[in-house]
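Quick notes on the structure that follows.
Sequence lines set the chain letters: A, B, ... in the order given, protein chains first and strands last, and positions in each chain run from 1.
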Amino acid sequence: MLRLGKPAKGLLAALLLVVSALFLGGTFVGSDDWWPFAPWKMYSTSTAPSGPVGSTLIEIQEAGSPEWQPASLHPDTVGLNRAEIEGRMTMIKEDPAVLGTLLKSHSELLPDDPEWTAIRVVRSDVILHEGERTGETRDTTLAVWPSSARTAEDDAPRIITEAAQ
Amino acid sequence: MNRLSQWLFDPVPLARVVLFRRFVYAFVIIDILLLHTSGFRHGWADPVWYQPLIMGEWLNIPAANVPQVMILKWGTVLVAAFALTGRFPRVSGLVVAVGWIWYQYVAFAYGKVDHDRGDFVIALVVLPLIGMAATAGPAGDRTRSELAGFAFRAMQLAAIATYFLSAWAKVRFGGWEWVNSATITRAVIRRGTFIGDWLLEIPWSLHAFQWVLFSAEMLAPVIFFVGEKWRRRMVAAWFVFHAATYSVITIAFWPHLVMMLAFLPLEEYRDRAVARWNSWRGGDSGEPEPQVKTPASPA
């Protein structure tokens with residue numbers, strides 16, 4: 001059997017205590033910035049059983065076509081994923097020009113695809129009532145770039161009603 | 001105090017370390033190449049999206065670019081492959097730890113931190129401590145080591161803390177009413193499979209699932225107070241839970257699943273599998289050796 005000396009054991013136990021304290025601190029007072037000691041908050045927030053469940057998506061226009069079409073919001077297509085865009089909505093609303101960098105990343109990542117000329121970020125809310133879907137979806141435009149691509153339909157939520165489930 | 005020390009440094013056979021570190025370094029390769037690739041694409045994202053974490057501010061880590069993510073990705077994969085050979089376990093282990101942690105950092109410093117990857121950091125950091133273990137013979141070294149015991153205890157604590165502290169995070173961010181909220185319904189709407197969609201039709205099922213999940217997480221530390229048999233059953237139950245989660249919302253906490261293996265006597269499973277394989281191939285070579293002591297053999 002390979003034994004450890006008392007000083008080595010003391011040192012390791014002390015290190016374990018420090019790391020435990022960091023994880024506990026992360027959980028009770030820390031934030032995501034603390035990673036790897038960030039709180040383990042996967043699915044920790046409460047969602048009200050009645051009300052909207054939102055997810056964010058992007059729509060784009062290709063060169064020569066003024067029509068909005070849904071596009072993939074994925075690291076392989078724009079360098080970022082949905083949650084990352086959702087986490088930066090304040091910055092995007094303040095300065096929609098940052099969306100222009102997504103068009104640039106897209107053309108670098110997928111040079112053979114049709115070029116994107118405009119982009120808008122949309123929040124699609126599925127409406128729940130007591131934990132069940134009501135069949136209503138509300139799409140709200142959060143930001144458009146370039147601003148010349150913005151039209152009247154971006155000013156109010158677009159309500160889509162599914163046939164009763 | 002003495003009993004606590006005995007528990008913390010409860011010796012573990014080196015053969016277990018040899019097997020466990022293979023899982024860890026093989027996982028690093030699979031993870032970087034297949035599972036967690038968002039960091040790589042951040043090389044193409046504009047630096048305007050970079051949002052340094054505390055770690056990055058302290059260490060002055062710059063925004064990602066294409067050469068940086070290329071070096072991190074392929075460098076870490078190469079060194080992890082080398083670590084699998086068991087040679088220079090301390091140096092290779094340390095390089096893999098730095099490379100993998102940095103690569104995760106690149107993934108997380110763009111506005112979204114994943115919450116299932118904190119415990120694996122512990123595995124990468126403690127494994128290089130046990131240098132000599134990797135040189136244990138292929139037949140499995142039964143020498144037990146207190147240092148290895150400590151490493152395994154630390155990894156077990158990290159794995160169980162993931163459950164226990166995530167329950168407390170739910171209390172902190174979601175409140176005690178979390179169990180009655182529509183959080184899992186929301187997750188299913190956002191990324192549910194056909195099984196998830198089917199469960200949406202039975203809203204009480206997802207509600208009940210939240211109660212079960214929360215209770216299981218709060219009670220997770222019980223695993224340290226039960227006997228060997230129940231410990232293995234609890235680990236199996238967690239694997240079933242993770243398989244169920246994956247089938248409903250296609251989310252798996254992959255690195256954490258590797259960590260849960262730290263509870264299992266891997267070398268016993270290996271021996272049993274080898275014995276079964278030998279007996280299946282015919283002959284009685286798979287039979288356990290006779291208990292009669294023979295004079296020490298050179299092997």
Between [Y] and [X], is there a side-chain heavy-atom distance shorter than 4.5 Å?
| X | Y | value |
| --- | --- | --- |
| Gln104(B) | His36(B) | yes |
| Val144(A) | Trp68(A) | yes |
| Asp125(A) | Thr137(A) | no |
| Asp10(B) | Arg153(B) | yes |

Is it the backbone or the side chain of [X] that comes under 4.5 Å from a heavy atom of chain A, or both, or neither?
| X | value |
| --- | --- |
| Tyr110(B) | both |
| Ala158(B) | backbone |
| Ala64(B) | neither |
| Thr143(B) | side chain |
| Leu8(B) | side chain |
| Val48(B) | both |
| Leu4(B) | neither |
| Thr37(B) | neither |

Top contributor to chain B contacts, counting heavy-atom pairs under 4.5 Å, from [options]:
| options | result |
| --- | --- |
| Pro39(A), Pro36(A), Gly26(A) | Pro39(A) |
| Met91(A), His74(A), Glu130(A), Lys9(A) | Lys9(A) |
| Val126(A), Asp32(A), Ile85(A), Leu102(A) | Asp32(A) |
| Leu24(A), Asn81(A), Val29(A) | Val29(A) |
| Gly30(A), Ser20(A), Ala38(A) | Gly30(A) |

Q. Does the cation-pi check pass for Lys170(B) over Phe214(B), that is, NZ or CZ under 6.0 Å from the six-membered ring centre and within 45° of its axis?
A. no

Of the listed residues ([options]), which shares the most heavy-atom pairs with chain A below a 4.5 Å separation?
| options | answer |
| --- | --- |
| Thr162(B), Val121(B), Ile54(B) | Thr162(B) |
| Leu213(B), Leu165(B), Asp119(B), Val126(B) | Leu165(B) |
| Gln51(B), Arg172(B), Gln210(B), Arg144(B) | Arg172(B) |

Q: Measure distances from Phe37(A) to the heavy atoms of chain B and classify the residue's part below 4.5 Å as side chain, backbone, both or neither.
A: neither

Q) Is it the side chain or the backbone of Leu22(A) that comes within 4.5 Å of chain B heavy atoms, both, or neither? A) neither

Q) Could you state the interatomic distance from CG (Leu199(B)) to OG (Ser205(B)), rounded to the nearest 0.5 Å? A) 4.5 Å

(Q) Please report the interatomic distance CG(Leu16(A)) to CG(Leu157(B)), rounded to the nearest 0.5 Å. (A) 6.0 Å

Under 4.0 Å between a Lys/Arg side-chain N and an Asp/Glu carboxylate O for [X] and [Y]?
| X | Y | answer |
| --- | --- | --- |
| Arg88(A) | Glu84(A) | no |
| Glu86(A) | Lys112(B) | no |
| Asp139(A) | Arg123(A) | no |

**Q.** Residue pair Arg120(A), Asp154(A): steps toward the salt bridge (Lys or Arg N to Asp or Glu O under 4.0 Å) verdict
**A.** CA-CA 9 Å; Arg120(A) 70 177 178 184; Asp154(A) 295 311; 2.5 Å; yes

